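Report on the following structure.
All values derive from a computational prediction rather than experimental measurement.
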Amino acid sequence: MAQSGSPPPFPTTEVSSEMRKKQKQEDEQEPLGSLPEGPLVEILSRVPYSSLCRFKCVSKPWLALCSDPQVRKRCPQTLSGFFQRYSCDKDGVQFSNLSGRGPPMVDPSLPFLRKNYEVVNLEHCCGGLVLCRCGKSGHTGNNGYIFVVCNPATGKWTQLPPCPTEFDLRFLFDLFVETEQYLGFDPAVPSRFVVFLNLWNKVAIYSSDTGRWTVVQSGWIYGPRTMGYLECVFLNGTMHLLTSQPSILTVDTKGEVWGEIDIPGNVPQSCVDHSIGQSQGCLYAWYVDNPNTCQLSVWALQEYGSENWTLKHTVNILELFGTHHRKADESYKMFAIHPDRNLIFLTDGKKKTISYDMDNQEVHVIGICKKLWGVQPYIPCFAEWPSVAH
């Protein structure tokens, strides 16, 4: 039994509260115990960006450290989530984290652009950059519309010069003629990007190297026939556009080398939901051979330029979703492939979105928006971008 006047066997509430306050101050002064900041920076530079975002919640010093451009620039980047839909208004564009949890890693409304433009429409996302069509109340080239390339992760952006006359956006919209806009960017060469405008038998190409547009005659024999801005891949300095044939049209960044690649396999006439993507440095193509049986085939062009495709995987999509029959109002499809893994993403268009590991054949349900439209994979980029004007 404790003697009268002796210290209590446990600290009083007041003491515990004071100790907690002191400990909190110490924690805020030193993010990770007594570990020097140099080694801590080296550790954080090796964790994925998604983890870096979560670490910001630890304390104010952690927030400052994880927001340091030098740390963010060095941390490995991979698929973080998906932009969805087209118009960048308050409710237009959504961004879903790959995990399906937590607040968006980037603000899909692109507030740094809204300070300068009244209209901001997201057109295409590639390699961490986003191509937008913007407008002001006054006329700013092309009767009020201008193209802007921005980096959602850093808030940096640059306005492109007005498009060539024959690609006058407002005039074409009034005629119900839609141009196709594509952005080409490789994070390995962060100082350079290209923008393609595809219209009938002409293509306009903007290069950040020259800072100007060049209009060239299309080298594709049968005209564009492309399927829109979602069905494209920029790889090996070449833009790849999917057609309805199905085949893949190609053009280099100067508009000098034009080509066409056949979709692999014996693609049946009933083929639906065919698309292309890139993963681990290879061009991928996939299609569902029949809307009722939903048999998915995934191919990879592992030796670029040879047109020798390798069948990577086949699977019945219905089985992945745990059903044996497709209802009339259901539309199953694969909409993306992970850039660094043999992992694909599929949806039933209504209730569920899943990921499927082709190596170990594991299925995981992910909490991405159920009704997917205009999905564009996003990989954050923190590399220096000398050509950015803002």
Candidate pair Leu301 and Trp299, rule side chain to side chain contact (heavy atoms under 4.5 Å, CB included), full reasoning: CA-CA 7 Å; Leu301 190 62; Trp299 299 76; over 6 Å; no
Heavy atoms only: give me the nearest [X]-[Y] pair and the separation to one decimal.
| X | Y | value |
| --- | --- | --- |
| Phe83 | Cys125 | CD1-SG, 4.2 Å |
| Cys150 | Leu113 | SG-CD1, 4.0 Å |
| Leu283 | Leu235 | N-CD2, 3.6 Å |
| Lys156 | Phe112 | O-CE1, 4.3 Å |
| Leu110 | Cys132 | CD1-SG, 3.6 Å |
| Leu241 | Cys232 | CD2-CB, 3.5 Å |

Partners passing side chain to side chain contact (heavy atoms under 4.5 Å, CB included) against Ser355 (at least two apart in sequence or in another chain):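 Result, side chain to side chain contact (heavy atoms under 4.5 Å, CB included) vs Ser355: Leu343, Phe345, His364, Ile366.
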Partners passing side chain to side chain contact (heavy atoms under 4.5 Å, CB included) against Thr253 (at least two apart in sequence or in another chain):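 Checked Thr253 against side chain to side chain contact (heavy atoms under 4.5 Å, CB included); matches are Val194, Phe234.
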Heavy-atom side-chain proximity of [X] to [Y] below 4.5 angstrom:
| X | Y | result |
| --- | --- | --- |
| Ile146 | Pro162 | yes |
| Val251 | Tyr182 | no |
| Asp340 | Leu79 | no |
| Asn116 | Gln159 | no |
| Phe185 | Asn151 | no |
| Thr314 | Ser297 | yes |

Those residues that, when tested against Asp262, pass salt bridge (Lys or Arg N to Asp or Glu O under 4.0 Å) (two or more places apart):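 Partners of Asp262 by the salt bridge (Lys or Arg N to Asp or Glu O under 4.0 Å) criterion come out as none, since no residue qualifies.
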Can you name the ring pair (Phe, Tyr, Trp, His ring centres under 6.0 Å) partners of [X], sequence neighbours left out?
| X | result |
| --- | --- |
| Phe321 | Tyr332 |
| Tyr356 | His313 |
| Trp309 | none |

Which residues pass the side chain to side chain donor-acceptor pair (under 3.5 Å) test with [X], not counting sequence neighbours?
| X | value |
| --- | --- |
| Asn236 | none |
| Gln280 | Asn342 |
| Thr214 | none |
| Gln302 | Thr310 |

Salt bridge (Lys or Arg N to Asp or Glu O under 4.0 Å) contacts in which one or both residues fall within residues 203-217, not counting sequence neighbours: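 For residues 203-217: Arg192-Asp209.
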Salt bridge (Lys or Arg N to Asp or Glu O under 4.0 Å) contacts in which one or both residues fall within residues 292-305, not counting sequence neighbours: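 Output for this query is empty, none listed.
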Of Tyr378, Phe95, Phe335, the residue whose pairing with Phe82 passes ring-ring contact (aromatic ring centres under 6.0 Å, His included):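 Testing Phe82 for a ring-ring contact (aromatic ring centres under 6.0 Å, His included) against Tyr378, Phe95, Phe335 leaves exactly one candidate, Phe335.
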Full working for side chain to side chain contact (heavy atoms under 4.5 Å, CB included) between Trp220 and Asn198: CA-CA 11 Å; Trp220 297 313; Asn198 191 12; 4.0 Å; yes
Electrostatic pair Asp359:Arg341 at N-O distance under 4.0 angstrom: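 Result for this pair is no, no salt bridge flagged.
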Derivation and outcome, side chain to side chain contact (heavy atoms under 4.5 Å, CB included), residues Tyr206 and Cys163: CA-CA 9 Å; Tyr206 174 84; Cys163 304; over 6 Å; no
Parallel, tilted or perpendicular, as decided by the 30° and 60° cut-offs, for the rings of Phe147 and Trp213: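 It falls in the tilted class, 30° to 60°.
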